[in-house]
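Labels below follow one simple rule: chain letters A, B, ... track the order of the sequence lines, proteins then strands, and each chain is numbered from 1.
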Amino acid sequence: MADSKHIVLRHLDIGKPIIKLKDYEKRAGGYDGFKKAVKMEKSAVIDEVKASGLRGRGGAGFPAGVKWSFIPQNEPIKYVTVNADESETGTFKDRLIMEQNPHQLIEGALTCAYAIGAKAVYIYLRGEFWDVAHMLDERIEEARKAGYIGENILGSGFSCEVYTHLGAGAYICGEESALLNSLEGKLGQPRVRPPFPAQKGGGLYGEATVVNNVETLANVPWIMVNGADEYKKIGTEQSAGTKLYCVSGNIQKPGVYELPFDTTFRELLETVCGGPPEGRSFKALLPSGGSGPIVPLTDEVLDTRMSYEDCAAIDTIIGSASLIVMDDSVNIAWVASKVIKFFAHESCGKCTPCREGTYWLDKVLDRIMAGQATAKDIERIDDVAKNMAGITLCALGDFAANPIIHTIKHFKEDFLAMAEGKELAQAGD
Amino acid sequence: MAVIGNKKYSKQIEHHFSKYPDKRSAVMPLLYIAQEEYGWVNDDGIQEVAELCELDPTHVKSIAGFYTMYSEKSKGKYWLQVCTDLSCALRGADEFHKDLKAYLEVEEGGTTDDDLFTVEHVMCLAACDNAPMLQCNFHYMENLDMEKMKAWVEEKRAELQKELDA
Ligand SMILES: Cc1cc2nc3c(=O)[nH]c(=O)nc-3n(C[C@H](O)[C@H](O)[C@H](O)COP(=O)(O)O)c2cc1C
Ligand code: FES
């Protein structure tokens, strides 16, 4: 395992998708990590993941092992919930993992379940992943027949079930507390915290629950087999391992690429993805989908490593690593209007600043896009966005404020040109 | 038509209830079943799901309204949801969406006269590298262009015609 290029997209080393259990076992050392884990003390498994430096791949980058260690060991009922909601604009990596290497996710989730002593794993998929969920159900059945799921797994005394659950089209259900509400059959709206999901009272059905992203858990089998020290050798000091980078927009070769965290934007966008479309040049980049701060694609940015700490240093985030590339044909005010439409649509409506803020931002941006606005309107939306940030019930409010604040900061001239009707031709129109 | 007592669904319903410690959690999977049975989530479906999950029908209705994949009105046989979100739009999705509506002669959210196609635009479907793309009754169609779409539409129209002739 250690000499392969990929940790998560193992099928790329093998040359074809690893769907069937026997292929996963034979060709990718499948379930070796889990078999090793169930022979270890639970706390030793948590310590290994902690020592690896594995951070959550769902956006926030919280250390996975630390999260697992928050779970009170003596509670009788605990859960693992896999976040497969994948709804951030520009994100399409979790779907790929589940389609091409599904057992590795199941194995990672089971290892987490063992480590915290969970009685069940729920994989929450966005409703649109209908076909993916049905395929996963078959893989789960296969793993159950082989004795990796069910009662007294591998003779370890540990029992656990794995289920899929389909959402039904609501971005907010990717937020962990909204996800838990949705899974409980309630409206998918965020909960007030504390208590946090890892605490009694805060998780699924009120029980302590780990919520982890698909990609996060898919890293775990490799760590169990090769050890934390090997894992830490990959990437940067604060960003261990590899990341699945999703590249979309104005780029020659869009797709998902698994690369170590110390790779630069230039290496990915120019060398791997072949640069901007013919005759065009790079203009701007959203490194973390619609919700992260935009950056102009300068040489400085291109030479930055795509890690948590390096991106923070250039005033953005790597987040879920959903790179949306804009070339010089794109007016960035148009980008802002697209992104705000998303958040106005997806605001769950529970808290006022987010519901009203996104609504008004969308309205004023429509005016700007119609060439019927003034410089004052641009100041106004900047103001609204800044007032929204930090005061909403969940981070969706911040996600919606970011694109406005940062697009105006870097590309004010685009807004002015648009507002005054000087620019109309637009990508996609 | 019914969900309760319908042999076609009893196994599925049983399976969903077995997954959760609480009946309430089955409300989402059961709403999908109701939608399959009636073509959309109508009052009968709401009532039956509420009964099965031991919930208040108004709660079930609010759940159905909260999520976009439960359809609260009847749709064409093929429900085409075109992604026009940022990544797809950067690769021509807005134009594709406009052209598709024009070809089918429908407004946003509208259904063709033969009840075959409903077209609307949606947010990111996590297939951004394969734009333009759409979701047709929960299955993805990717790397599209109008040429491909026209051929597909005509194929479906011909199928309908054959059914009518038969
Ligand atoms: C509005 C909103 C949407 C989110 N959507 C997702 C999502 O689609 N997938 C995901 O894994 N995390 C999403 N998150 C982050 C989750 O709340 C949570 O941090 C994550 O699932 C934790 O897993 P990780 O530590 O493995 O990253 C979202 C957060 C917010 C505030
Ligand atoms: S933006 Fe269209 S699928 Fe992601």
Other residues, nucleotides, ligands: >12 heavy atoms within 6.0 Å of [X] [atom1]:
| X | atom1 | answer |
| --- | --- | --- |
| B/Glu155 | CD | yes |
| A/His134 | NE2 | yes |
| B/Glu147 | CD | no |
| B/Asn143 | CG | yes |
| B/Lys148 | NZ | yes |

Among [options], who wins on heavy-atom pairs under 4.5 Å with chain A?
| options | answer |
| --- | --- |
| B/Val60, B/Thr84, B/Leu55 | B/Thr84 |
| B/Asn130, B/Val27, B/Asp85 | B/Asp85 |
| B/Ile63, B/Val122, B/Leu31 | B/Ile63 |
| B/Pro29, B/Ala127, B/Ala126 | B/Ala126 |

| query | Is A/Glu184 salt-bridged to B/Lys23, cutoff N-O under 4.0 Å? | reply |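 Result for this pair is no, no salt bridge flagged.
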| Below 4.0 angstrom, N of the basic side chain to O of the carboxylate: do A/Lys93 and B/Asp129 qualify? | no
Quick one: [atom1] on [X] to [atom2] on [Y], what's the gap to the nearest 0.5 Å?
| X | Y | atom1 | atom2 | answer |
| --- | --- | --- | --- | --- |
| B/Leu86 | A/Thr89 | CG | OG1 | 7.0 Å |
| A/Leu166 | B/Met28 | CG | CE | 8.0 Å |
| A/Glu86 | B/Cys124 | CD | SG | 8.0 Å |
| A/Asp327 | B/Leu90 | CG | CG | 8.0 Å |
| A/Tyr171 | B/Met123 | OH | CE | 12.0 Å |

What part of [X] is in contact with chain B, defined as an atom under 4.5 angstrom from a non-hydrogen atom: side chain, backbone, both or neither?
| X | value |
| --- | --- |
| A/Leu96 | neither |
| A/Leu204 | neither |
| A/Tyr79 | side chain |
| A/Ser182 | both |
| A/Tyr163 | side chain |
| A/Glu88 | backbone |

| said: Does any backbone or side-chain atom of B/Arg91 lie under 4.5 Å from a heavy atom of chain A? Answer side chain, backbone, both or neither. | reply: side chain
Given the options [options], which has more heavy-atom pairs under 4.5 Å with chain B than any of the others?
| options | value |
| --- | --- |
| A/Gly290, A/Ala170, A/Gly249, A/Gly255 | A/Gly249 |
| A/Cys246, A/Cys173, A/Ala168 | A/Ala168 |
| A/Asp94, A/Ile251, A/Ile172 | A/Ile251 |
| A/Glu161, A/His165, A/His345, A/Lys341 | A/His165 |
| A/Pro277, A/Gly167, A/Gly289 | A/Gly167 |

| query | Does A/Gln189 have any side-chain contact (heavy atoms from CB on, under 4.5 Å) partners at least two apart in sequence or in another chain, and if so, which? | reply |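 For A/Gln189, the residues satisfying side-chain contact (heavy atoms from CB on, under 4.5 Å) (neighbours in sequence not counted) are A/Leu187, A/Cys348, A/Lys350, B/Phe66.
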| query | So which heavy atom on A/Ser248 is nearest to which on B/Cys128, and how close? | reply | CB-CB, 3.8 Å
| query | Where is the tightest heavy-atom contact between B/Phe138 and A/Asp131, given as atom of each residue plus distance? | reply | O-OD2, 4.1 Å
| said: Quick check against the 3.5 Å criterion: does B/Ser25 have a side-chain atom that pairs as donor or acceptor with the backbone of A/Leu183? | reply: yes
| message | Main chain of A/Gly169, side chain of B/Thr68: is a donor-acceptor contact present, judged purely on distance under 3.5 Å? | response | yes
| task | Side-chain contact test, heavy atoms from C-beta onward, threshold under 4.5 Å: evaluate it for B/Tyr140 versus A/Glu128 and give yes or no. | result |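 In contact.
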| Neighbourhood of chain A inside residues 11-20 of chain B, taking heavy atoms under 4.5 Å as contact |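 Listed by number, the contacting residues are B/Ser18, B/Lys19, B/Tyr20.
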| said: As a quick check of understanding, evaluate salt bridge (charged side-chain N to carboxylate O under 4.0 Å, His left out) for A/Lys186 and B/Asp22, giving each step before the final call. | reply: CA-CA 12 Å; A/Lys186 300 177 183 153; B/Asp22 189 345; over 6 Å; no
